Every structure is written in C-alpha cells, then in structure tokens.
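Because the structure is predicted, anything quoted here is derived from the model rather than measured.
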Amino acid sequence: MFENLTFNILNSVNPSSSGGMNDKEFLEREISAWKYSPERLMQIKGRLYFEGQHDILTRKRTIIGEGGEITEVENLPNNRIVDNQYGKLVLQKANYILGQPFVIEGDNGQYIELLKQVFDKRFMRILKNAGKAALNGGLAWLYPYFDEEGKLRFRLFPAYEVLPFWRDSEHTVLDCAVRVYLVQGYEGTTPVLIEKAEVYGIDGVHRFILENGSLIPDSSVNEAADMPYVILGDKAEKKAFNWDKIPLIPIKYNENETPLLKRVKTLQDGINVMLSDFENNLQEDARNTILVLKNYDGTDLGEFRRNLATYGAVKVRCDGDNGGGVETLEISVNAENYKAILEIFKKALIENGMGFDAKDDRLSGNPNQMNIQSMYSDIDLDANDMETELQAAFEDILWFVNVYLGCVGKGDFDGENVNVIFNRDMLMNETEAIANCQASIGILSNETIIGQHPWVDDVQLEIERLKKQKEEQTGEDYDKDFHIAPDEDKQKSGDEEAQ
C-alpha cells in the first residue's frame with residue numbers, strides 16, 4: 001500500500017502555501033466559496049430542470065395589500081404546470097450526436113479490436129449519459145478505474161460535484177480537483193446524510209468528511225484516508241499504482257463550459273407561467289365576473305360571496321327611488337392570446353437552444369434531403385462544437401486505455417493513429433439516399449458506398465456478409481477481389497468466357 005502518501009498536492013495551486021494559510025485551509029475556503037457560487041447553482045439547476053423540477057413549482061399567488069405591499073394569498077387557484085421543453089431539448093441534442101454507436105477507424109486492426117472491447121455497450125451508455133450531464137452542467141467528468149476483475153471502467157461525475165483547479169486558462173490541464181458528494185449514513189439507528197470530499201492529485205486520492213466547512217480525514221474500516229488510484233493483486237500480494245495524469249476527463253458541452261439552461265431558462269419559465277396562469281384564470285369562475293352591488297342588505301363582502309356560493313342568491317333592499325340590484329362586468333379569458341404567446345415562446349426556445357422542431361412544416365408531404373438538412377442546421381452547428389470537445393476528450397480517454405492495455409500485456413499502442421467518428425442521428429429520405437448510393441457505383445469505392453447506405457451501421461461487417469453471400473452463391477473466393485454490383489460480375493464473367 002502507499003503508506004507514504006502525503007497531503008502535498010496543492011503546492012502548485014495554493015498561492016499562500018509559503019505564507020500563513022496551509023493547503024487544508026486553502027481547500028476549505030475554496031470549497032466554501034464554490035458550493036454557493038452562481039456557476040455551481042446553475043449546474044444544479046440544469047439537472048433539476050431536466051428532471052422536471054422547475055421554479056414554477058414553488059410559485060406563490062400574491063396580491064397588492066394594504067399600503068401597496070405584496071401579500072401572499074392562499075384562497076386563489078395556484079396551478080403549477082410544467083411543460084418541460086428544456087428536458088426535450090437536452091434529449092434531442094444528446095441523442096443527435098451520441099444516440100448512435102460511434103465508429104473507431106485506424107490502421108492497426110489488432111488495436112481497433114482491443115478498443116472495441118473497451119468501448120463496449122456499457123461505455124456507450126456512460127458516454128451518452130455524460131453528454132446529457134454536460135448539456136445540463138456545461139461539462140461532466142469521466143473517472144477511469146479498475147473494477148474487481150481488473151478491467152478498465154469509467155464512472156460519471158456531474159459538474160456540480162467536482163471543483164477543478166486548472167493549470168491553464170484554456171482549462172485543458174488539471175493540477176488537482178475536489179469531488180464533493182453526499183452519502184447515506186447512520187448515527188446510531190438514525191439515518192443521516194454525510195458530506196464527503198475527495199481530493200484528486202498526482203500522488204493519489206485523499207478522502208475527507210466535510211463537516212461545518214472543515215475537512216476531517218476519513219479513515220473508514222476498509223480504506224485509509226490517503227489511497228492510490230489503482231490496487232491490483234490478491235489479498236496476499238497487492239500492488240498499488242498511480243496514473244501519471246489526474247484521472248478526471250472533462251466532457252465539455254462547449255469551450256466556455258456554459259450550461260444549456262443558461263440560454264433558455266427565461267423562455268422555459270415563461271412557458272410554465274403562461275400555462276399556469278391560463279388554468280388559474282379558467283378556474284376563477286366567480287372572479288371572471290366583477291359584481292357591482294347596489295343597496296346590498298349587509299356589510300360583509302365575505303358574507304355576500306358565501307351566500308352567493310351557497311344559495312345562488314343575494315338579498316338586496318330598495319330605498320325609495322334607489323333600487324337595489326346586482327350588475328356585472330364581464331372579463332373574458334382569450335385562449336387565442338395564450339396560444340399565440342406559447343407558440344412564440346416555444347419557437348424562441350428551440351432557436352435559442354439550437355434544437356429542431358420535429359413538427360416543422362418542411363417535413364410535410366414528401367420532404368427532400370435539402371429540407372431536412374435545413375431543419376437540422378442549428379442543431380448541427382451546435383453539435384459541431386460539442387464534437388470538437390468530445391474529440392479532445394477522446395485523446396485523454398485513449399491515453400488511459402493505452403496505459404491499461406500495456407498493464408495487462410496486450411501491447412504498446414502509444415502513438416497509434418485512431419479516428420473516432422460520431423454517427424449523428426438525423427432524419428433522412430432513405431429512398432433518395434439509396435438512389436444516390438446506386439448512382440455512385442463505379443465512381444466511388446464500394447466501402448465508401450456501403451458506409452453511406454442508410455441501413456448499414458458497421459461497414460466492415462457488412463462487407464464480410466456480402467463476401468460470404470457471394471462465396472455461397474458462386475463457390476469462389478472473393479477475399480482478393482470483391483464487388484457489390486452483381487450485374488457487373490456476371491457481365492465480366494460472360495466476357496471472359498466469350499474470349
């Protein structure tokens with residue numbers, strides 16, 4: 001075990017390390033300031049809004065009371081309706097770029113096969129969830145680790161759990177990072193929430209309990225407060241290792257790490273308010289009509305409302321020429337106004353969030369591919385930024401994968417060239433795409449044509465299937481020369497026999 005680990009990882013980020021404030025005090029101050037910072041609160045809000053916990057759910061009905069003061073009232077309808085267009089936008093974007101399995105290409109076939117084993121369906125799911133978390137928080141974090149079987153795995157940390165200390169202003173290299181999170185525990189038999197902090201440095205991970213803003217070393221029954229990142233071997237002989245890099249990989253939504261909610265929160269809140277107010281106005285039946293009383297036989301308006309609701313009648317009096325009665329002033333609720341405002345808000349939310357409208361008029365009838373691409377232009381531009389960040393993240397991911405493959409004896413693949421291709425999930429006119437593929441035979445390579453076919457996900461697998469199919473049909477070996485145009489092959493064979 002790493003018994004000689006010391007708490008010295010902050011020398012490069014603590015400007016007061018040589019002064020009166022030590023590393024522990026520096027961390028405590030930074031954590032306290034970060035926990036309630038506007039950036040972290042927006043990251044938490046992004047997660048809440050994605051799950052449907054919007055600000056409208058805490059809204060109160062108020063009126064102007066005595067002296068012009070705003071006063072809360074509880075006897076008025078107070079509907080809190082959530083139309084979660086933001087959550088739909090996050091799912092749109094995450095599925096657009098990460099909904100389909102990505103493709104790995106490279107010159108070293110052995111390396112590609114090993115990467116496919118690491119980037120399995122479980123990793124695809126984690127990466128897609130990381131994309132959602134990055135949209136909600138501006139960025140998310142992947143933590144590489146070894147599981148109990150010695151396989152490389154990745155965990156997802158949301159942005160609001162990690163306080164990074166960057167070495168550069170572009171936020172590309174970490175000096176260290178702190179993860180703050182809650183766990184369920186017990187004090188006796190009473191369940192309590194315990195706030196923990198883990199400090200990730202180049203010399204390992206340092207575990208603390210965060211109590212009243214103070215960091216207290218956390219030595220549990222099975223683990224020490226200071227731990228290496230990797231422990232391999234059986235109980236008799238364990239070996240401890242640390243990465244040469246801090247094992248936290250940022251998955252950024254954009255270069256500024258700006259959450260998607262920051263662009264569309266006011267529009268989403270406006271949609272919720274309009275729907276809630278519309279239902280409130282419809283439920284205020286008695287208040288849609290303003291009653292004008294003449295010679296009312298009573299002085300308490302509460303009594304008047306109660307008699308009206310209970311008996312459907314009120315008692316008035318007539319004094320000579322002054323006749324009693326009740327007149328009304330009608331206030332109508334125009335549903336078309338609400339409908340128009342909602343349409344404006346929803347369209348503005350899609351445009352500002354750079355999504356697409358699946359009910360767009362351009363999809364009516366038989367849309368061509370140009371109309372479809374025009375509808376997807378905004379989300380495609382936003383996806384370009386996100387893909388740039390994902391490609392940079394994969395460089396870090398591949399570094400950890402290469403170290404893992406070297407540790408388990410699979411080979412040294414450092415410096416191997418690999419391309420990661422993200423298959424964007426865009427609607428397409430399949431008939432038009434297939435016709436274009438057929439028209440390209442003889443102009444483009446067969447591999448390129450198969451890759452563009454809308455029904456093909458794995459190009460190499462499809463080529464192998466076609467080879468096998470032709471071999472079964474003709475009994476010939478097509479490993480050296482393979483064509484996808486059967487008519488061409490038949491014509492070629494006929495010409496050779498004629499000669």
(Q) Please evaluate residues I271 and L267 with respect to the criterion side chain to side chain contact (heavy atoms under 4.5 Å, CB included), reporting the C-alpha separation (whole Å), side-chain torsions for both, the decisive distance (0.1 Å), and the verdict. (A) CA-CA 6 Å; I271 292 172; L267 294 168; 5.6 Å; no

Q.
Using side chain to side chain contact (heavy atoms under 4.5 Å, CB included), reason through D385 and E255 one step at a time and then give a plain yes or no.
A. CA-CA 8 Å; D385 282 347; E255 62 178 0; over 6 Å; no

Q: Walk me through it: do V180 and W34 pass the test side chain to side chain contact (heavy atoms under 4.5 Å, CB included)?
A: CA-CA 10 Å; V180 178; W34 166 73; 3.8 Å; yes

Q. Given the rule in the side chain to side chain contact (heavy atoms under 4.5 Å, CB included) test, do Y96 and D382 qualify, once you have shown the distances and angles that lead to the verdict?
A. CA-CA 11 Å; Y96 179 70; D382 204 33; over 6 Å; no

Q. Hey, mind stepping through Q283 and N79 against side chain to side chain donor-acceptor pair (under 3.5 Å) and telling me if it holds?
A. CA-CA 10 Å; Q283 288 182 350; N79 293 282; 3.1 Å; yes

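The nearest pair of heavy atoms linking R40 to K35 is NH1-O, 3.0 Å. Looking at every heavy atom in both residues, M42 comes nearest to P259 through CG-CG, 4.0 Å. I194 and G185 make their closest contact through CD1-CA, 4.0 Å (heavy atoms, listed as atom of the first residue, atom of the second, distance). Taking every heavy atom of both residues into account, S445 and T448 meet most closely at OG-OG1, 2.8 Å. Pairing each heavy atom of V173 with each of D168, the nearest pair is N-OD1, 3.2 Å. Among all heavy-atom pairs drawn from A383 and I97, the shortest one is O-CD1, 3.6 Å.
Between the side chains of Y111 and N402, at least one donor N or O sits under 3.5 Å from an acceptor N or O.
Checked against ring-ring contact (aromatic ring centres under 6.0 Å, His included), F400 has the following partners two or more places apart in sequence or in another chain: W243. For E447, the side-chain hydrogen bond (donor to acceptor under 3.5 Å, both in side chains) criterion is met by Q460, not counting sequence neighbours.
In summary, D269 and R59 do not engage in a salt bridge, as defined by a charged side-chain N under 4.0 Å from a carboxylate O. Taking the charged nitrogens against the carboxylate oxygens, D120 and R153 do have a contact shorter than 4.0 Å, which makes a salt bridge. The pair E161-R47 fails the salt-bridge criterion, with no side-chain N (NZ, NE, NH1 or NH2) lying under 4.0 Å from an Asp/Glu carboxylate O.
Separation of atoms NE2 (H171) and CG (N256) is listed at 10.0 Å; rounding is to 0.5 Å. In this structure, CG in N136 is found 8.0 Å from CG in L260, a value given to the nearest 0.5 Å. Rounded to the nearest 0.5 angstrom, L135 CG and T258 OG1 are separated by 12.0 Å. Going from atom NZ of K24 over to atom NE2 of H206 covers 14.5 Å, rounded to the nearest 0.5 Å. If you take CD on E28 and CZ on F208, they are separated by 9.0 Å, rounding to the nearest 0.5 Å. Taking CG from N337 and CE from M274, the interatomic distance works out to 10.5 Å, rounded to the nearest 0.5 Å.
Within the 4.5 Å cutoff, the side chain of I434 has heavy atoms near those of the W455 side chain. Between P164 and L248 there is no side-chain heavy-atom pair separated by less than 4.5 Å. At least one side-chain heavy atom of I56 sits less than 4.5 Å from a side-chain heavy atom of V82. Side-chain contact between F165 and L27: present, with at least one pair of heavy atoms (C-beta onward) separated by less than 4.5 Å. Residues L89 and Q268 are not in side-chain contact: their nearest non-hydrogen atoms beyond the backbone lie 4.5 Å or more apart. A 4.5 Å side-chain heavy-atom check between I379 and K93 finds at least one atom pair inside the cut-off. Residues Y200 and C176 are not in side-chain contact: their nearest non-hydrogen atoms beyond the backbone lie 4.5 Å or more apart. The shortest distance between side-chain heavy atoms of L381 and S377 does not fall below 4.5 Å.
For Y181 and F157, the distance between ring centers is not under 6.0 angstrom.
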Distance-only criterion, 3.5 Å: show the donor-acceptor pairs between side-chain atoms of residues 344-354 and protein atoms not counting sequence neighbours.
residue: K346; atom: NZ; partner: D83; partner atom: OD2; Å: 3.1
residue: N352; atom: ND2; partner: A348; partner atom: O; Å: 2.7

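Counting heavy-atom neighbours within 6.0 Å of K262 NZ, excluding the residue itself, gives a total of 12 or less. When the shell of 6.0 Å around CD of E187 is examined, it contains 12 or fewer heavy atoms from other residues, nucleotides or ligands. Remark: D107 CG is loosely packed, at most 12 non-hydrogen atoms of other residues, nucleotides or ligands lying under 6.0 Å away.
Of the candidates R424, K128, K132, K128 is the only one forming a side-chain hydrogen bond (donor to acceptor under 3.5 Å, both in side chains) with N95.
At least one donor-acceptor pair under 3.5 Å links the side chain of D412 to the backbone N or O of D414. Side-chain atoms of E25 come within 3.5 Å of backbone N or O of N22 as a donor-acceptor pair. A side-chain donor-acceptor contact under 3.5 Å links N242 to the backbone of Y229. Side chain of Q391 to main chain of V420: a donor-acceptor pair is present (N/O by atom type, distance under 3.5 Å, no hydrogens or angles). Side chain of S32 to backbone of R29: no donor-acceptor contact under 3.5 angstrom is found.
Relative ring orientation between F394 and F422 is described as perpendicular, the plane-to-plane angle rising above 60° on a 0-90° scale split at 30° and 60°. Classified by interplanar angle (parallel below 30°, tilted 30° to 60°, perpendicular above 60°), the ring pair Y49/H54 is parallel. Using a 30° and 60° split on the angle between ring planes, F102 and F123 fall in the perpendicular class, above 60°. Ring-plane geometry between Y145 and Y143 is classed as parallel, the angle between the planes falling under 30 degrees on a 0 to 90 degree scale with a further cut at 60.
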